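Structure first, commentary second.
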Amino acid sequence: MTTTPPSPQPGGHPQEHPTQPLPPHGSASVAAEPRPQDTTARLTPAQEWARYESAHRAARGPGDGGAGVPPRAPGQVPPGSDPWATPAAPAPAPQKRSRAWLWITSAAVAGLLVGGGSVAVSGVLDDADRADRAASLSDVGRSGNDEVPVSGSSAEDPDWRAVAAAVQASVVAIQVQTQSGGGQGSGVIIDDAGHVLTNNHVVSGAQGNVQVTLTDGRILEGEVVGTDASTDLAVVELIDPPDDLQAAAFGDSDDVTVGDPVMAVGNPLGLANTVTTGIVSAVDRPVSTQEDGGTETAVTNAIQIDAAINPGNSGGPLFDATGQVIGITSSIATLSAQSGSIGLGFAIPSNQARSVAAQLMDDGVAEHAFLGVSLSDGTATADGVTRRGAVVESVTEGSPAAEAGLRAGDVIVAVGDDPVGGAESLTAFVRAMSSGDEATLTVVRDGQTIEVDVTLATRPDAGDQLPQQDQGGQGQGDQGGLPGGITPEQLWEWLQQQQGRG
């Protein structure tokens, strides 16, 4: 619907002639007819200001004083202008580029929806309108990060947004190829030289180099420089590391307490850069894991968390509220292979991970502490109290346990101030120590509680004791006898030690 304006009356509105329509696009310019000025009408202050602004802009315009056009005096209204209109900046001249970008934008949207169409309009821009700029593929996806520890974030008031921004560049996704197919996991950059810490089960069996993807999407090649099945840790070294790697900051896992807020970052199910949060559910939780086809069990006094982690999170970092790594996520408890996270996740403490990683970077292998006992689960009663503990079944001759005076039948109920809940718990405590460390064991012997000081040694290399083909057996030799002339009892003791029972 259109409306017809009333006819102007003499002495009324100063604009007594309707505005003429603009000439058609592409036609010759038509000079605007000057409007007669009504000098008898009194202008309001707003009208005076509008006239002044319009004249002032016209006086400064680039066209003033052009060929054949005399300059206007200050305050003079240019012919054909409307002094009553709201002042506005002069409209820019139409440009082909604006319309071309409009069409390209539309084509791009169509391309996302139907998978094509952008080629048809790629020729709209000519060389004069193209605005290509130099760029670098290394800048794609990158963003600034805060320093760790993150300012303003604490266990009492965690700022996960700030923590995620600060640590994201130190987390990587790892892909490997094995005889059985492809595998994936996570990792964390631990130094500027390009060393990445991950789980052994992520990279074991890798054929050739592994593929490491940074948070910003850059894909790099890496080689496995050391693995340790006993702790389920491994180190990958980037072959040609970029100069802008951001290494993670490691915290003290001994300071972790139940209830602390935590954040896991990793590559679950191939979904890189996934962040989940939760709390520490327990510490010193003994956990045994064994890779399919593996011959050695990894036993860890783990940090238990309720933050959701799933296959692919393995090897990724667990951060505290300040952005420091306090663990390496490694395993979950599930009701079935298809159940995924049920809120029971486990991480290798950062102090143990850092110690093993340093050894793997030095010479590709890690040494482990050795006590020299075979163990079973049991209980002990003394001083009117019954407790669970690790029952010593046998003591290896010449071992640290033998030198400390441990005997078969002793029940070890504590290591230092930490209670021991069974054979697996004691094994995990020993695995977390280093050769040469001293420990005080609380032992119940014949109903009496005593303390025994022990200095741990280095666990013998399995390859020095048994041929490779006999590792992981059940202590049953063929009719020709056991290799090396050992007895079944000695083989059983060795297997117990290798499987985390001493």
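Note that this is a predicted model, so its numbers are computed, not measured.
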Determine whether the side chains of [X] and [Y] contain a donor N or O and an acceptor N or O closer than 3.5 Å.
{"X": "S374", "Y": "E393", "result": "no"}
{"X": "D157", "Y": "S154", "result": "no"}
{"X": "S230", "Y": "R459", "result": "yes"}

Main-chain N/O of [Y] paired to [X] side chain as donor or acceptor, under 3.5 Å:
{"X": "T198", "Y": "G187", "result": "no"}
{"X": "N200", "Y": "V203", "result": "no"}
{"X": "S435", "Y": "T458", "result": "yes"}
{"X": "Q168", "Y": "D216", "result": "no"}
{"X": "T178", "Y": "G205", "result": "no"}
{"X": "D306", "Y": "I279", "result": "yes"}
{"X": "D260", "Y": "A155", "result": "no"}
{"X": "T329", "Y": "L318", "result": "no"}
{"X": "D377", "Y": "A423", "result": "yes"}

**Message:** Applying side chain to side chain contact (heavy atoms under 4.5 Å, CB included) to V196 and I190, what does each step give before you reach the verdict?
**Reply:** CA-CA 6 Å; V196 176; I190 57 178; over 6 Å; no
Tell me the closest heavy-atom pair linking [X] and [Y], and the distance in Å.
{"X": "T300", "Y": "A428", "answer": "C-CB, 3.6 Å"}
{"X": "A308", "Y": "S341", "answer": "CA-OG, 3.6 Å"}
{"X": "V373", "Y": "A401", "answer": "CG1-CB, 3.4 Å"}
{"X": "T227", "Y": "A234", "answer": "CG2-CB, 3.9 Å"}
{"X": "P419", "Y": "R387", "answer": "CB-NH2, 3.7 Å"}
{"X": "S399", "Y": "G372", "answer": "OG-O, 3.4 Å"}

Counting only heavy atoms from other residues, nucleotides and ligands, does the tally under 6.0 Å from [atom1] of [X] exceed 12?
{"X": "E367", "atom1": "CD", "answer": "no"}
{"X": "R354", "atom1": "CZ", "answer": "yes"}
{"X": "D240", "atom1": "CG", "answer": "no"}

So do [Y] and [X] actually touch side chain to side chain, heavy atoms under 4.5 Å?
{"X": "V283", "Y": "T257", "value": "no"}
{"X": "V150", "Y": "T322", "value": "no"}
{"X": "L214", "Y": "L245", "value": "yes"}
{"X": "V413", "Y": "V420", "value": "no"}
{"X": "I303", "Y": "F346", "value": "no"}
{"X": "V256", "Y": "D320", "value": "no"}
{"X": "S434", "Y": "S355", "value": "yes"}
{"X": "L344", "Y": "I332", "value": "no"}

**Message:** The criterion is side-chain contact (heavy atoms from CB on, under 4.5 Å); which residues satisfy it with S186, sequence neighbours excluded?
**Reply:** N267
**Prompt:** In chain order, what residues pass the side-chain contact (heavy atoms from CB on, under 4.5 Å) check against A193, with sequence neighbours excluded?
**Reply:** D191, H195
Nearest 0.5 Å, please: how far is [atom2] in [Y] from [atom1] in [X]?
{"X": "N199", "Y": "T289", "atom1": "CG", "atom2": "OG1", "result": "8.0 Å"}
{"X": "T276", "Y": "W160", "atom1": "OG1", "atom2": "CH2", "result": "10.0 Å"}
{"X": "L220", "Y": "T213", "atom1": "CG", "atom2": "OG1", "result": "7.5 Å"}
{"X": "L406", "Y": "T396", "atom1": "CG", "atom2": "OG1", "result": "11.0 Å"}
{"X": "I450", "Y": "D410", "atom1": "CD1", "atom2": "CG", "result": "6.0 Å"}
{"X": "T277", "Y": "I305", "atom1": "OG1", "atom2": "CD1", "result": "10.0 Å"}

**side chain to side chain contact (heavy atoms under 4.5 Å, CB included) between Q324 and V148, intermediate numbers included** = CA-CA 7 Å; Q324 298 184 98; V148 175; 3.8 Å; yes
**Asked** Run the side chain to side chain contact (heavy atoms under 4.5 Å, CB included) check on F250 and L197 step by step: do they pass?
**Response** CA-CA 12 Å; F250 276 68; L197 180 60; 4.3 Å; yes
**Prompt:** What residue among L360, N209, V236 forms side-chain contact (heavy atoms from CB on, under 4.5 Å) with V224?
**Reply:** V236
**Message:** Against T215, only a single residue in V167, I189, N273, V265 fulfils side-chain contact (heavy atoms from CB on, under 4.5 Å); can you say which?
**Reply:** N273
**Request:** Kindly indicate, with the supporting measurements, whether the criterion side chain to side chain contact (heavy atoms under 4.5 Å, CB included) is fulfilled by F319 and I326.
**Result:** CA-CA 6 Å; F319 295 100; I326 57 171; over 6 Å; no
**Prompt:** Under the side chain to side chain donor-acceptor pair (under 3.5 Å) test, which residues partner T231, sequence neighbours left out?
**Reply:** D228
